[in-house]
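What follows is a single structure, written as structure tokens, with notes after it.
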Amino acid sequence: MFLITLVNTIHAKANEPALKLFKADNPSIQYFGRVDLSAPLSPRFWSPGVDIKIKFKGTAFDLIINDEMGGDNHNYIEIAIDDNPLLRIKLTDKLNDRKIAYGLANTEHVVTICKDTESGIGYMEFVGIRCEELLPPPPKPTRKIEYIGDSITSGTGMDISEIPCDRGQWFDQHNAYMSYGARTSRALDAQWQLTAVAGIGLTRSCCDMNIVMPDVVDKLYLRDNKIQWAFSRYQPDVVTICLGQNDGIIDSTLFCNAYVQFIGNVREYYPKADIICLNSPMANDELTPVLKRYLSSITAYMNNQGDKKVYKYFFSKRYHNGCGGHPDMDEHAQIAEELTTYIKQVEGW
């Protein structure tokens with residue numbers, strides 16, 4: 001057990017451990033996901049599920065992290081410390097200097113800090129941590145997976161542990177760390193990257209958005225279609241594509257042609273990856289059979305054209321018990337269980 005406190009809510013105690021600042025450019029700090037490293041002392045990232053992993057020895061650590069704070073937006077982070085219960089923290093200031101965990105056993109600890117909220121909520125900048133002794137990081141998993149998708153993949157509308165549906169802001173229920181992609185990757189001991197934007201589609205997006213996934217899949221800041229991403233930095237073994245929910249039922253030729261072209265683009269980025277096309281797990285009874293029919297045709301076409309590393313997977317049922325008809329926390333676990341089993345089949349893991 002450990003004590004969670006915030007810097008502004010307690011007074012320093014004489015017996016608190018002496019902590020040393022370790023800045024963001026320390027080579028023992030690991031970054032996972034699409035991170036802009038051009039400013040090494042304040043790496044910036046927008047995408048949900050971007051992870052920072054740290055190993056340290058001691059009884060306590062503090063976190064220093066910046067939040068863009070655009071308008072009323074505020075990012076959430078998830079912090080995992082060893083096997084302790086997860087910490088979910090809302091960042092309410094541009095500069096957040098927080099006491100995170102005190103009273104830990106004086107041993108080695110592994111901490112993961114994850115951006116729970118998606119690109120449209122704004123960027124975060126990691127500044128550093130304070131701890132007693134920073135240790136070399138644990139080895140990165142050799143397996144790698146990327147999940148391309150929309151709000152479902154982002155983890156939208158799933159976490160009502162603090163704020164119920166239809167209360168607060170629309171992003172208060174985001175939780176990328178517990179989304180199906182993150183869960184699947186942890187089950188498979190794989191790195192993950194969530195290339196996802198809430199509301200986005202393949203041929204058209206919802207909510208007055210002026211982008212579609214083919215426009216922004218090669219960007220670091222997806223929501224605003226900015227900053228080129230270097231695909232050489234991350235070459236996944238598996239790519240899943242979960243799009244179509246926001247396109248809705250549209251002309252089959254339009255959708256299928258766009259999807260085939262998109263797979264071609266992904267194949268250029270990732271020549272060796274297995275590509276798995278998923279139907280939308282929250283689609284209703286009208287949309288689901290349409291997406292299944294389209295994806296069956298698309299994958300058959302790609303296979304017939306010689307790309308035998310394109311697959312399809314259809315979820316066993318509809319998942320829609322979260323906010324706004326999205327999958328909830330338990331349903332993301334079920335989606336991950338289905339997908340984990342299928343990826344094991346494809347990869348032989």
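Only this structure's heavy atoms are used, side chains among them; waters, hydrogens and symmetry mates stay out.
Ion pairing between a basic and an acidic side chain is recognised when a charged N comes within 4.0 Å of a carboxylate O; Glu132 and Lys57 show no such pairing. Between Glu125 and Arg44 there is a salt bridge, since a side-chain N of the basic residue sits under 4.0 Å from a carboxylate O of the acidic one. Between Glu16 and Lys99, at least one side-chain N (NZ, or NE/NH1/NH2) sits under 4.0 Å from a carboxylate O, which counts as a salt bridge. Asp274 has no carboxylate O lying under 4.0 Å from a charged side-chain N of Lys308, or vice versa, which leaves the two without a salt bridge.
Open room surrounds CG on Asp166; 12 or fewer heavy atoms of other groups in view lie less than 6.0 Å from it. Other residues, nucleotides and ligands place no more than 12 heavy atoms under 6.0 Å from the CD atom of Glu337. Heavy-atom neighbours of Tyr301 OH from other residues, nucleotides or ligands within 6.0 Å: at or below the threshold of 12. The local environment of NZ in Lys272 is sparse, with at most 12 non-hydrogen atoms from other residues, nucleotides or ligands closer than 6.0 Å. More than 12 heavy atoms of other residues, nucleotides or ligands lie within 6.0 Å of CD1 in Ile250, so this atom counts as buried by the packing criterion. Shown here is Arg233, whose CZ atom has more than 12 heavy atoms of other residues, nucleotides or ligands within 6.0 Å.
In this structure, Lys94 contributes its side chain and Glu68 its backbone to a donor-acceptor pair below 3.5 Å. In this structure a side-chain-to-backbone donor-acceptor pair under 3.5 Å is missing from Asp159 to Asn175. Judged by distance alone, the side chain of Asn84 and the main-chain N or O of Ile81 form a donor-acceptor pair under 3.5 Å. Judged purely by atom type and a 3.5 angstrom limit, Asn303 uses its side chain to pair as donor or acceptor with the backbone of Val310. With hydrogens and angles disregarded, a donor-acceptor distance shorter than 3.5 Å links the side chain of Asp247 to the backbone of Arg204. Panel note: side chain Asp93, backbone Asn96; no donor-acceptor pair is recorded below 3.5 Å. No side-chain donor-acceptor contact under 3.5 Å links Thr59 to the backbone of Leu104. Side-chain N or O atoms of Glu146 include none that pairs as donor or acceptor with a backbone N or O of Val238 at under 3.5 Å. Proximity of a side-chain donor or acceptor of Asp172 to a complementary backbone N or O of Gln169 within less than 3.5 Å is detected. No donor-acceptor pair under 3.5 Å is formed between the side chain of Arg130 and the backbone N or O of Asp62.
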> Ile121 and Trp170: side-chain contact (heavy atoms from CB on, under 4.5 Å), yes or no, with the steps?
Replying inline: CA-CA 10 Å; Ile121 311 308; Trp170 71 281; 3.6 Å; yes
> What do the steps show when you test Lys292 against Asn279 for side chain to side chain donor-acceptor pair (under 3.5 Å), and what is the final call?
Replying inline: CA-CA 6 Å; Lys292 287 182 177 180; Asn279 71 309; over 6 Å; no
>> One pair to check against side chain to side chain donor-acceptor pair (under 3.5 Å): Glu331 and Asn321. What are the steps and the verdict?
In response: CA-CA 8 Å; Glu331 288 175 324; Asn321 289 325; 2.9 Å; yes
>> Could you walk me through whether His320 and Asn284 satisfy the side chain to side chain donor-acceptor pair (under 3.5 Å) test, starting with their C-alpha distance in whole Å, then the side-chain angles of each, then the deciding distance to 0.1 Å, before giving a yes or no?
In response: CA-CA 9 Å; His320 63 112; Asn284 61 21; over 6 Å; no
> Which is it for Thr341 and Leu339 under the side-chain contact (heavy atoms from CB on, under 4.5 Å) test, yes or no, and what are the steps along the way?
Replying inline: CA-CA 5 Å; Thr341 299; Leu339 190 55; over 6 Å; no
> Can Thr153 and Tyr180 be said to form a side chain to side chain donor-acceptor pair (under 3.5 Å), step by step?
Replying inline: CA-CA 7 Å; Thr153 305; Tyr180 75 85; 2.7 Å; yes
>> Apply side-chain contact (heavy atoms from CB on, under 4.5 Å) to residues Phe22 and Ser28 and explain how you reach the verdict.
In response: CA-CA 9 Å; Phe22 295 94; Ser28 290; over 6 Å; no
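The side chain to side chain contact (heavy atoms under 4.5 Å, CB included) test with Pro48 singles out one residue from Ser154, Ser151, Ser179, and that residue is Ser154.
In this model, a donor atom of one side chain and an acceptor atom of the other lie less than 3.5 Å apart for Lys317 and Gln334. Checked by atom type, the side-chain pair Glu338/Ser316 shows a donor-acceptor distance below 3.5 Å. At a cut-off of 3.5 Å, with distance as the only test, a side-chain donor of Thr117 or Asn75 sits close to an acceptor on the other residue. Asp116 and His174 form no side-chain donor-acceptor contact under 3.5 Å, judged by distance and modelled atom types alone. A donor-acceptor pair shorter than 3.5 Å can be found between the side chains of Gln228 and Asp218.
With a 6.0 Å cutoff to the six-membered ring centre and a 45° limit on the axis angle, Arg88 counts as a cation-pi contact of Tyr76. Taking the ring axis of Tyr177 as reference, the NZ or CZ atom of Arg186 stays within 45° of it and closer than 6.0 Å to the ring centre.
With hydrophobic clusters built from ILVMFWY side chains whose heavy atoms lie under 4.5 angstrom apart, Tyr311 shares a cluster with Trp349. Side-chain heavy atoms closer than 4.5 Å link hydrophobic residues (I, L, V, M, F, W, Y) into clusters, and following such links, possibly through other members, connects Val50 to Ile89. Placement of Met282 and Ile249 in two distinct hydrophobic clusters is found when ILVMFWY residues are connected by side-chain heavy-atom separations under 4.5 Å, directly or transitively. With hydrophobic clusters built from ILVMFWY side chains whose heavy atoms lie under 4.5 angstrom apart, Met209 shares a cluster with Trp46. With hydrophobic clusters built from ILVMFWY side chains whose heavy atoms lie under 4.5 angstrom apart, Leu37 shares a cluster with Phe126.
Contact detail for Tyr31 and Val35: the closest heavy-atom pair is CB-CG2, 4.3 Å. In terms of heavy atoms, Cys131 sits closest to Leu134 at SG-N, 3.9 Å. When all heavy atoms of Cys242 and Pro281 are compared, the closest pair comes out as SG-CD, 3.7 Å. The two atoms that bring Leu135 and Glu108 nearest to each other are CD1-CG, 3.5 Å, heavy atoms only.
Partners of Cys165 by disulfide (SG to SG under 2.5 Å), not counting sequence neighbours, listed by chain and number: Cys323.
Not less than 6.0 angstrom separates the ring centroid of Tyr123 from the ring centroid of Phe45. Between Phe315 and Tyr313, a ring centre-to-centre spacing shorter than 6.0 Å is recorded. For His332 and Tyr319, the ring centers are positioned 6.0 Å apart or more. Between Phe61 and Phe56, a ring centre-to-centre spacing shorter than 6.0 Å is recorded.
With values rounded to the nearest 0.5 angstrom, Met158 atom CE is found 4.5 Å from Met329 atom CE. The distance from the CZ atom of Arg183 to the CH2 atom of Trp192 is 11.0 Å, given to the nearest 0.5 Å. Going from atom CD1 of Ile211 over to atom CE of Met213 covers 7.5 Å, rounded to the nearest 0.5 Å.
Here Val127 sits in one hydrophobic cluster together with Leu21, Ile64, Leu95; the rule is ILVMFWY side chains under 4.5 Å apart, joined directly or through other members.
Using a 4.5 Å heavy-atom cutoff, the side chains of Lys312 and Ile276 are not in contact.
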